[in-house]
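Have a look at the structure below, then the notes.
Bear in mind that the values here come from a model prediction, so they are computed numbers and not experimental data. Hydrogens, waters and symmetry mates play no part in the numbers below; they use all other heavy atoms, side chains included.
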Amino acid sequence: KRLFSESMHSESLLRNFDLLEQEGMDTPNTPYGKGQDLHSMLDTILKSYRSVESTGFFWDLRYKNQTYESLHFVLFCPFIKCDCVKADKLCGHYTSRGVGVKQLCRYCCCPAEQTDNPKFDSDKKNQATIQELTWNSNVAVLKSMSQQFLDNAFYRIRFGSHNRSGIHGACPTDILHGLLIGIFKYVVLLFLSQLGTKSKARSDFLALAALYGTLLHRQSDRDKPKTQFESGIDAGKHMAKEYPGIILVILTVLRSTSGRQIVLSRNEFTEEDVKQWVELLETLLMWHAWLASDNISKSDALKAENKHRYIMYLIRRTAPRDDNGMGWKIFKYHAITHYSTDIINFGVPSIYDTESEESHHKGSKQAAELTQKIKHTFDKQISARLRETHVLDLAMEEMTTGRAPFDYLSKETSSVVQTNPPYERRNVLWGQRFTLSLDTSSRPILVSSGRKKLKDKAVVIELSFLHFLDDLNDKLAPYSGCPLSIRTAYTDVSGTIYRASPSFRDLPWQDWVKVDWGEKYGPLPCHIWGFVDLSFLPQVNDTSFEPGFHAIVESWRQLPSSSRGGHRSTELYTNIEKEVRGLQRKDGIDYVAGRQYYLVDVQSFVEPIIVVPDRGGPPNSFLWLERRRYWRGDFSAWLNTEDEEWNHHT
């Protein structure tokens with residue numbers, strides 16, 4: 001703009017080329033490098049903040065209906081929330097990750113050749129040292145530290161006094177960029193590369209992964225990562241938050257009998273390799289759940305220092321990157337050694353994670369959808385829609401909570417006006433209704449009595465289940481006076497939905513639940529087949545059933561011993577078998593000869609669980625996935641254990 005203005009061109013006289021006094025002026029004979037331009041701009045932006053930081057400010061703080069007048073706020077910068085590239089620029093560190101870079105880490109002075117060594121320790125970078133080198137124009141030493149020769153704008157900002165690193169220790173590695181689209185992404189790509197690019201094993205594995213992704217998606221327990229991907233786990237561009245789900249799908253396939261056979265068909269894999277991959281993937285999932293915790297004890301954070309290095313060892317042992325350029329000599333791998341320190345200094349990772357900041361554009365995108373999409377009014381209309389949305393949010397806040405910005409210093413918060421009574425949750429049976437009927441040969445069938453296109457249409461279902469319903473119908477006939485009907489969905493008082501549909505959107509959806517069978521058996525996993533309403537039964541009857549909602553379920557038979565022996569605390573999947581009346585072998589394949597059904601009161605439901613069939617295993621074998629809410633606890637317990645392999649390695 002300045003060059004054009006000084007050219008004396010006639011168009012340069014237009015108002016849109018007006019310049020500030022120093023705008024576009026080159027600093028003559030500047031000794032600093034090209035990174036100085038950014039820090040010069042930041043220095044100007046931070047000028048007003050520095051003045052407030054030096055003196056503080058007074059504020060009437062409103063807290064818990066009490067006003068603290070003239071409270072003196074003394075400011076300091078605890079940390080800066082940003083991704084890895086931006087953090088390097090703010091620290092004045094080289095953004096290049098090539099072979100010639102001496103130090104890849106902005107935290108410490110670790111040499112590049114030791115970046116992939118979990119056991120290596122190095123001194124933290126000191127702001128005063130780097131600042132003195134800059135003042136003395138010692139470019140050679142700065143280059144050996146991979147630091148740019150510049151006057152860092154943040155050297156004049158006050159950071160925490162817990163260390164002497166300043167800005168170099170105040171840019172924690174965020175989970176979104178450092179772990180999810182860093183380590184997790186590399187691990188997924190390395191596993192798929194070991195399956196080959198166009199091998200039959202890869203195509204079979206991906207087909208099985210798509211099947212298990214759908215099975216994991218259709219579960220009553222919704223607290224799990226996304227597992228269903230339209231283009232598969234190896235195609236398209238995945239978002240960072242999708243990688244835990246991809247790892248869970250790969251883990252599920254590896255734990256299945258067919259998946260293990262597919263992988264072992266490749267010469268690159270042995271039984272020990274599969275075991276190591278299962279251990280790594282389970283550890284990564286529990287680690288991520290622990291890092292995403294709302295609170296982490298300081299003792300756990302301190303113990304995690306050594307465990308993080310063991311995780312680095314597991315990654316390097318199981319998924320080597322020897323053929324990929326720098327290998328594991330990358331910053332995101334080395335940054336794992338600093339995770340524990342970041343947690344102790346700044347709190348749980350969700351505090352400095354950038355996921356919320358990456359979502360700030362969603363409001364603008366939604367506002368853009370509400371415009372006329374005319375070029376010359378597009379920006380103006382987006383601004384108007386954003387302003388209207390903000391005003392509506394403030395209005396809803398005032399209407400629902402009674403809080404308003406202009407009442408900030410009021411002594412009492414206005415009471416909330418309840419326009420509607422609070423909703424009281426209760427147990428509800430709903431979904432598609434099927435009625436027991438007879439076909440032309442007097443055999444029992446289930447007939448849909450719901451939507452018009454499904455009405456009076458018989459569904460294909462297990463014959464043993466129909467016989468169980470027929471026997472149950474005979475027991476209830478003296479009290480009901482009509483054919484037995486079953487429902488396909490049940491919602492409990494907590495809002496959890498359990499489904500048992502033979503054709504939910506053209507596919508079966510039958511959830512699993514943990515049922516409390518009393519003192520003798522305790523809670524056991526059960527497979528739901530349907531729900532019946534027995535509210536019509538009198539309190540005293542001859543059926544041994546109590547009035548209320550009941551579920552038809554299959555129960556388990558046994559829990560085989562863990563395939564990983566003493567590592568039960570790090571295993572997410574457990575093999576279980578259904579209780580059946582017998583197995584029958586035909587043409588070399590085992591079949592379930594008869595199923596065992598039970599009628600249980602829905603009040604005995606403990607919690608939803610995730611169970612998928614063990615493809616390729618016995619016909620009554622399944623894989624039981626531990627609920628995600630317990631993963632962080634498993635990882636915390638693992639922090640207190642010793643790993644013989646790691647101790648021997650170190």
Side-chain angles (χ1 to χ4, degrees), residues 38 41-42 45-46 77-91 93 95 97 104-107 154 167 169-189 222-231 233-249 284-285 287-296 330-336 338-339 342-343 345-371 378-379 382-383 385-387 389-390 393 628 631-632:
L38 170 64
M41 290 186 287
L42 290 173
I45 294 171
L46 294 171
C77 182
F79 60 85
I80 296 177
K81 186 188 289 191
C82 56
D83 60 24
C84 297
V85 176
K86 300 297 187 302
D88 285 342
K89 292 181 178 179
L90 298 184
C91 294
H93 190 268
T95 55
R97 307 292 187 189
L104 297 174
C105 182
R106 62 175 177 268
Y107 289 86
F154 288 96
I167 180 64
C171 293
T173 304
D174 69 307
I175 300 302
L176 182 78
H177 296 90
L179 186 66
L180 297 183
I181 56 177
I183 301 301
F184 278 26
K185 182 178 180 179
Y186 296 144
V187 168
V188 169
L189 294 177
R222 310 305 298 171
D223 182 23
K224 60 182 182 300
K226 178 182 176 182
T227 59
Q228 196 172 28
F229 306 97
E230 184 176 352
S231 302
I233 62 174
D234 70 327
K237 185 177 180 180
H238 296 289
M239 294 187 292
K241 63 182 180 181
E242 293 178 339
Y243 279 99
I246 295 175
I247 288 181
L248 177 59
V249 171
L284 291 180
L285 288 173
W287 181 35
H288 176 252
W290 181 77
L291 291 172
S293 301
D294 295 332
N295 55 78
I296 296 175
I330 56 176
F331 168 73
K332 292 180 179 180
Y333 180 77
H334 169 77
I336 298 175
H338 300 293
Y339 280 12
D342 286 342
I343 293 172
N345 290 341
F346 310 120
V348 295
S350 59
I351 293 177
Y352 49 84
D353 192 24
T354 59
E355 182 178 0
S356 58
E357 279 64 33
E358 294 285 348
S359 304
H360 280 177
H361 66 286
K362 290 185 177 180
S364 300
K365 292 176 69 174
Q366 293 171 354
E369 291 293 329
L370 301 176
T371 65
F378 188 64
D379 291 344
I382 289 179
S383 177
R385 299 295 89 77
L386 287 172
R387 186 170 60 253
T389 302
H390 181 60
D393 288 342
R628 192 183 191 182
W631 295 358
R632 64 192 66 178

>> What's the separation between atom CG in Leu90 and atom CG in Leu42, rounded to the nearest 0.5 Å?
In response: 6.5 Å
>> Test of understanding: with ring pair (Phe, Tyr, Trp, His ring centres under 6.0 Å), list the residues that count as partners of His334, not counting sequence neighbours.
In response: His338
> Do Leu285 and Leu248 touch side chain to side chain, with heavy atoms closer than 4.5 Å?
Replying inline: yes
> Between Phe154 and Leu46, is any pair of side-chain heavy atoms under 4.5 Å apart?
Replying inline: yes
Which pairs would a plain distance check flag for residues 359-368, meaning a side-chain donor or acceptor within less than 3.5 Å of a matching protein atom at least two apart in sequence or in another chain?
| from | atom 1 | to | atom 2 | distance (Å) |
| --- | --- | --- | --- | --- |
| Ser359 | OG | Glu355 | O | 3.2 |
| His361 | ND1 | Glu358 | O | 2.9 |

>> For the CH2 atom of Trp290 and the CD1 atom of Ile343, what is their distance to the nearest 0.5 Å?
In response: 4.0 Å
>> So, using side-chain hydrogen bond (donor to acceptor under 3.5 Å, both in side chains) as the criterion, who are the partners of Arg385 when residues are at least two apart?
In response: Glu388
>> Applying side-chain contact (heavy atoms from CB on, under 4.5 Å) to His288 and Leu179, what does each step give before you reach the verdict?
In response: CA-CA 9 Å; His288 176 252; Leu179 186 66; 4.2 Å; yes
>> Among residues at least two apart in sequence or on other chains, which ones pass salt bridge (charged side-chain N to carboxylate O under 4.0 Å, His left out) with Lys332?
In response: none
>> For Trp631, give me all partners under ring pair (Phe, Tyr, Trp, His ring centres under 6.0 Å), at least two apart in sequence or on another chain.
In response: none
Which pairs would a plain distance check flag for residues 346-353, meaning a side-chain donor or acceptor within less than 3.5 Å of a matching protein atom at least two apart in sequence or in another chain?
| from | atom 1 | to | atom 2 | distance (Å) |
| --- | --- | --- | --- | --- |
| Asp353 | OD1 | Ile175 | N | 3.2 |
| Asp353 | OD1 | Leu176 | N | 3.0 |

> Can you name the salt bridge (charged side-chain N to carboxylate O under 4.0 Å, His left out) partners of Asp379, sequence neighbours left out?
Replying inline: none
>> Quick check: do Leu386 and His390 have side-chain heavy atoms less than 4.5 Å from each other?
In response: no
>> Looking only at the side chains, is there a donor atom on one of Asp174 and His177 sitting less than 3.5 Å from an acceptor on the other?
In response: yes
>> What I'd like to find out is whether the side chain of Asp342 reaches to under 4.5 Å of the side chain of Phe79, using heavy atoms alone.
In response: no
> Say you draw a straight line from NZ of Lys89 to CG of Asp83; how long is it, rounded to the nearest 0.5 Å?
Replying inline: 9.0 Å
> Measuring from Ile336:CD1 to Thr173:OG1, what's the distance to the nearest 0.5 Å?
Replying inline: 9.5 Å
> So, do Lys81 and Ser356 sit near enough that their side-chain heavy atoms are less than 4.5 Å apart?
Replying inline: yes
> Roughly how far apart are Leu104 CG and His93 NE2, rounded to 0.5 Å?
Replying inline: 7.0 Å
>> So for atom CG, which belongs to Asp393, do other residues, nucleotides or ligands contribute more than 12 heavy atoms lying within a distance under 6.0 Å?
In response: yes
> With sequence neighbours left out, what residues match Phe229 under ring pair (Phe, Tyr, Trp, His ring centres under 6.0 Å)?
Replying inline: His238
> For the ring pair Phe184 and Trp287, is the centre-to-centre distance below 6.0 Å?
Replying inline: no
> Can you name the ring pair (Phe, Tyr, Trp, His ring centres under 6.0 Å) partners of Phe331, sequence neighbours left out?
Replying inline: none
> Could you go step by step and tell me if Val188 and Ile247 meet the side-chain contact (heavy atoms from CB on, under 4.5 Å) rule?
Replying inline: CA-CA 7 Å; Val188 169; Ile247 288 181; 3.8 Å; yes
> Excluding sequence neighbours, so at least two apart, what forms side-chain hydrogen bond (donor to acceptor under 3.5 Å, both in side chains) with Lys226?
Replying inline: Glu242
> Is the shortest heavy-atom distance from the side chain of Ile181 to the side chain of Lys241 under 4.5 Å?
Replying inline: no
> Between Gly245 and Thr227, what is the shortest heavy-atom contact and its length?
Replying inline: O-CG2, 4.2 Å
> Who pairs with Arg97 by side-chain hydrogen bond (donor to acceptor under 3.5 Å, both in side chains), at least two apart in sequence or on another chain?
Replying inline: Asp88
>> Could you work out, with side-chain hydrogen bond (donor to acceptor under 3.5 Å, both in side chains) as the rule, every residue matching Ser293, not counting sequence neighbours?
In response: none
>> Please check if the number of heavy atoms outside Lys224 that lie under 6.0 Å from its NZ is greater than 12.
In response: yes
